[in-house]
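Below is one structure, written out as structure tokens, with a few remarks after it.
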Amino acid sequence: MSVDLQSLQKIPRHVALIMDGNGRWAQERGLSRIDGHTEGAQSVRAVLRAAAQAGVEFITVYAFSTENWKRPPKEVEGLMKLLVSSLDAYEQELHDSKIRLRIMGQFERLPLLVRRRLQKTLDATKDYTDHTFIIALSYGSRMEITDAARKIAEKVKAGELKPSDINEQTLSGHLYLPDVPDPELMIRTSGELRLSNFMLWQLSYAEFHITDTYWPDFREEQFFQALEAFNGRDRRYGGVKK
Ligand code: IPE
Ligand code: IPE
Ligand code: MG
């Protein structure tokens, strides 16, 4: 049965997604892993459309982890090419829906051509404020937290900050995108029950929605179902039920 968006009382401001299962989706159809990733790119478009329709402000997708560099060079290259061709093909949709693109991760580690192509869209969409689409690229949460600790240590060394003044906001303020609110909902496709080094700090109090659906089969309706599941959750933040 399809979800009635009007019936949803709460819409999360920020939804983060671990897009998993492209390889298995392809394997089940006798296709190549890259075919799976290509079909998965269509799901990203679908989720962006659905999020805009539902009024979700921030969407973060885990597209490539620091650990994914270990994959065969052909697959890594295929993913980088797919990123570039997807930007070429769908940038107009970002403009049509006034969606700002942002990147979270080790930007410098990406190939030059990919950085250049990304930079073009980052610049072209930087003034949009209604919706933000964040791609986690060469992203690893432990690395992000380690980098934050290093930046804080440098400030302490320079005498700009006292160790006794370091609090949770200090740490949050030194992550890659300090101005973005924490995700309230985290969706992982393909049934794996793990975080795979994704937003460990930011997801402390997020609701998790794990679905067996492979990422290429995750489209508007599946996204709305996740929002519906979120509406059924009782968020207590360590307190007692009111
Ligand atoms: C997710 O699908 C996409 C990326 C990690 C880039 P996978 O490629 O991990 O697909 P499975 O898990 O092997 O099915
Ligand atoms: C998580 O998927 C990373 C991304 C979705 C980019 P993986 O398939 O790489 O993670 P594991 O191997 O299941 O932990
Ligand atoms: Mg996987």
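One-based numbering, in listed order, for ligands and for the atoms of each.
- In this structure, the side chain of R115 engages the main chain of L110 through a donor-acceptor pair within 3.5 Å.
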Verdict with reasoning, E77 to K81, per salt bridge (Lys or Arg N to Asp or Glu O under 4.0 Å): CA-CA 6 Å; E77 197 186 314; K81 280 193 178 149; 3.3 Å; yes

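- Residue contact check for ligand 1: S190 places no non-hydrogen atom closer than 4.0 Å to it.
- Close approach to A63 involves these atoms of ligand 1, each under 4.0 Å from a residue heavy atom: 6 (C).
- Heavy-atom minimum distance, V15 versus V56: CG2-CG1, 3.8 Å.
- Contact annotation: for H37 versus ligand 1, heavy atoms closer than 4.0 Å belong to the side chain alone.
- Per-residue contacts place D20 under 4.0 angstrom from the following atoms of ligand 2 (heavy atoms of the residue considered): 2 (O), 8 (O), 13 (O).
- When only non-hydrogen protein atoms are considered, atom 12 (O) of ligand 2 lies nearest to R194 NH2, 4.4 Å.
- Taking every heavy atom of R33 and a limit of under 4.0 angstrom, the matching atoms of ligand 1 come to 7 (P), 8 (O), 10 (O), 13 (O).
- Between N22 and ligand 1, an N or O atom pair is found at a separation short of 3.5 Å.
- Among the backbone and side-chain atoms of D20, an N, O or S atom lies under 2.8 Å from the Mg ion (ligand 3).
- Ring planes of Y237 and Y205: tilted class, angle from 30 to 60°.
- One hydrophobic cluster, built from ILVMFWY side chains closer than 4.5 Å, cannot hold both Y214 and M19; they sit in different ones.
- Atom 5 (C) of ligand 2 has its closest protein heavy atom at M19 O, 3.2 Å.
- The backbone of F64, and not its side chain, has at least one atom closer than 4.0 Å to an atom of ligand 2 (non-hydrogen atoms only; backbone = N, CA, C, O).
- Of the charged side-chain nitrogens involved, none lies within less than 4.0 Å of a carboxylate oxygen, so that K10 and E207 do not count as a salt-bridged pair.
- Between E67, R24, E28, E192, it is R24 that holds the heavy atom closest to atom 14 (O) of ligand 1.
- Placement of L94 and L17 within a single hydrophobic cluster is found when ILVMFWY residues are connected by side-chain heavy-atom separations under 4.5 Å, directly or transitively.
- Of all protein heavy atoms, the one lying nearest to atom 10 (O) of ligand 2 is S196 OG, 3.5 Å.
- If you look at R71 next to ligand 2, the close heavy atoms, those under 4.0 Å, all belong to the side chain.
- The heavy atom nearest to atom 6 (C) of ligand 2, considering only N68, N197, L195, is found in N68.
- Here's the thing with R188: one of its N/O atoms is less than 3.5 angstrom from an N/O atom of ligand 2.
- In the hydrophobic cluster analysis, where Ile, Leu, Val, Met, Phe, Trp and Tyr join through side-chain heavy atoms closer than 4.5 angstrom, L122 is grouped together with M80.
- Using bins of under 30°, 30° to 60° and over 60° for the plane-to-plane angle, the ring pair H14/F58 lands in the tilted bin.
- No single ILVMFWY cluster, assembled from side-chain heavy atoms under 4.5 Å apart, contains both Y139 and F107.
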